[in-house]
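To keep things clear, I will list the structure first and then write my remarks on it.
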Amino acid sequence: MLCVALLTMAFLLSACSHREETISPDLQEGISYLESLAGRDPRDVMAEQSRRAAERETTVPPTEPPTMPPETEPVPPSDLPPTAPPETEPPTTAGPSEEELTLERWRQEAESNNVRMLSAEELAWFANRLSDTVFVGDSITQALITDGVLPESEVFYKRGVILREIGPTLDRALATYPKNVVFLKGLNDCDAEEPDTFIQRYADWVTYIREKLPGVNIFICSLLPPSKALGAVRPDLARSPEFDGPLKTWCPTAGVTYIDLHWLVYQHLYLSDGIHFTKSFYQLFLRYATICIKGWEGVPR
Amino acid sequence: MDRLSADKRKKIRRGFLLAMVFMLLWVLASVVNAFFPKRSMSVSERRALAGFPRITIARLLDGRFEADFEEYAKDQIMGRDALVALDAAVSRGTGNVLSSGVWIGKDGWLIEDPEIWAGGEAPSALLGVNRLAADWGYDVTLAVIPEAAEILYEKLPWASDGKKLAERSRASWEALLSEHLGPGVRAADVTEALRSAAESGAQDGKDRAKELYYHTDHHWTMEGARISLPVILGAMGEQAGSYRLLKVCSDFQGTLASVSGVHGVKDEIYVAMPQGREEEPVIVRVDGEEGVRTSVYSMEGLRSSDPYTVFMGGNYGRFTVTTGESGKGKLLVLKDSYFNCLLPMLLENYSEITVVDPRYFDGDPKLLLLSMQGADVLVLYSRATFLTDQSLERLVPEREQ
């Protein structure tokens, strides 16, 4: 009988046990403190972070991305005029910086289609370096994932999307509360917009982004032309410079950084469709975009 | 043959009936228990409960099924919590002061019997820490927090010989570091700071905010973390700020209460607010979680049945905190749940803190360590977990040259 009574008691206690919570007045300060922290708007927090960064005068992403050195045509030996040996004089100007040399080497790699592929270690470094950055666009942006350059957490795209309809894709990107937003788009807008409406679309989205995430840095990559072969048969796409030129002019006036990728326009860096680019293109894009967004520190050369 | 008297026959019948009743009750209890809802977790003990074991010929033949079934039966018996409490009450009533590995101490203290390194090979976790520095070139600070038995040995019952137990625990830890701590790893020893605070008399219950460990849980308190902060940050070349403790819970009953079945004192949980300066603006991104958070505290955790999870809402594989301290360095933390209450007091020292719990991290360890190059590393564990953990070493693969 005792066993029966104990078992019954155990069963009832187990079935009926519950925990009541009460908040007494002396806890109110602590709980209110926690609630105030949890209730903050992430946009306000990011704005506060930006304000403190500005106060500390930390390194700001350059508003003018590094300029690629111009291509120099080698002079055929027969055209060289006879010259006397130059007088030896000490150099009056400093030689190129390490950054300039690196940029020139990247340009040569692009030109010769002999691009050094980044190692897994280097790609992991870039992914971490750009963890506060999102890339937004269309299939041109998608290739950052499919070519194994950046993780999905940093790339937001919709194939074929035009600027007018990029809102949902942009919202997904902004929901991660990035510090940097980079537009990387292809030629879809060339037959959907005119140059002036194209610029206005970007202006509207920039305003939208700044309202949602005050203090965020915005970058727009150049609108690259189609390959020469495609451009010859698609004049609607070949007019991309009519969009890109005004874009480049407008960006600084709107406080947006224009990332000029024209130095990567070599025919052998296009895929056969004449619109999309090869893996080599994205290997160099990753390096160049990172120094435009974050500066040179630590960037694998 | 003698005929049985009527009385004897009656007694035999009664005995037979009693036996049948008990057998019936036993069968009934077994059947009810079989259909009783099974639990996957014990919230009070903060651990997973054993599920029904896999049946294979091999497991049946080598005894693994039987051993696992025994664990399953112990974990899933109906009324388990009440039976544990009953066992503890009976145990105490007969003068037993050690219940399920928990010392029932003075002034309502429940103190876990400490894990003590027995000598010989280095624990798996330390091998992982050494490899972080030697193979991966990280600047590593190791902070292993001593258990309450070593710091509050005066609260242990007489039968435990508390002072000797504490000395043994301390000596074995020092021997372990002396023999096996690798080059490039810096040990931050918080024992002295905690002992000084314990000796100051603040553990007598008059000022609950000054308690260094919980009475009913295996964790240290926010005060224990606050006392240790200058030592840990100092080892990393950083300065500690000052904080005011605010109470957020006054009826916390932790794991030790459930494990031992002794439910006496209720604990208080405190959080730390920066003193005399603005709150650090933080954005917290948790792997696998949509959106971001703006606090390293969790109201959901505070309101749950485990209010200790007010600190970050519990343990996650990885989360990253970015602060308003751009220009300052980055920190990678490998940890157990002891770190969760220290985190709010590190926010001002780093621009970004990536926190990884190796027990739950399911990403690529190599990519993690490659991507965090240049960050300082803090490994913070409780002594008990550090001496038994296997997951930290798995997180640090040998680096391919």
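These numbers come from a predicted model, not from an experiment. Below, read A as the first sequence line, B as the second, and so on, with proteins coming before strands; counting in each chain starts at 1. Note that these values count all heavy atoms, side chains included, but never hydrogens, waters or copies made by symmetry.
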- Determine the option with the most heavy-atom pairs under 4.5 angstrom with chain B, choosing from A/Ala175, A/Ser50, A/Pro42. A/Pro42
- Message: Less than 4.5 Å apart, side chain to side chain, heavy atoms only: is that true for A/Arg159 and A/Gln142?
- Response: yes
- Message: Within the 4.5 Å heavy-atom criterion, are B/Pro344 and B/Glu280 side-chain neighbours or not?
- Response: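 When only atoms from C-beta onward are counted, B/Glu280 and B/Pro344 do not touch, as no gap falls below 4.5 Å.
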- Query: Distance from B/Thr354 atom OG1 to A/Asn128 atom CG, nearest 0.5 Å?
  - Reply: 7.0 Å
Is [X] close to chain B through its backbone or its side chain, or both, or neither, when contacts mean heavy atoms under 4.5 Å?
| X | answer |
| --- | --- |
| A/Tyr33 | side chain |
| A/Arg129 | neither |
| A/Glu122 | neither |

Measure distances from [X] to the heavy atoms of chain A and classify the residue's part below 4.5 Å as side chain, backbone, both or neither.
| X | value |
| --- | --- |
| B/Val271 | side chain |
| B/Glu290 | neither |
| B/Met299 | side chain |
| B/Thr322 | both |
| B/Arg285 | side chain |
| B/Val296 | neither |
| B/Ala375 | neither |
| B/Glu279 | both |
| B/Lys330 | side chain |

Do you see a donor-acceptor pair shorter than 3.5 Å between the side chains of [X] and [Y]?
| X | Y | answer |
| --- | --- | --- |
| B/Glu268 | B/Tyr270 | yes |
| A/Thr133 | A/Asn180 | yes |
| A/Tyr208 | A/Asp171 | yes |

- For the candidates B/Leu246, B/Leu245, B/Asp364, which exhibits the highest count of non-hydrogen atom pairs separated by less than 4.5 Å from chain A?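 Sorted descending by pairs with chain A, the first entry is B/Leu246.
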- Task: Please determine, among B/Arg293, B/Glu325, B/Lys366, the option with the most heavy-atom pairs under 4.5 Å with chain A.
- Result: B/Glu325
- Query: So, A/Tyr288 versus A/Phe285, ring centres under 6.0 angstrom or not?
  - Reply: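 No, the ring centres sit 6.0 Å or more apart.
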- Message: Quick check on the 6.0 Å ring-centre criterion: do A/Tyr202 and A/Phe183 meet it?
- Response: yes
- Honestly, is B/Arg277 close enough over B/Tyr243, meaning NZ or CZ under 6.0 Å from the six-membered ring centre and within 45° of the axis? yes
- Item | B/Lys328 NZ: over 12 foreign heavy atoms closer than 6.0 Å |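 Check passes, neighbour count above 12.
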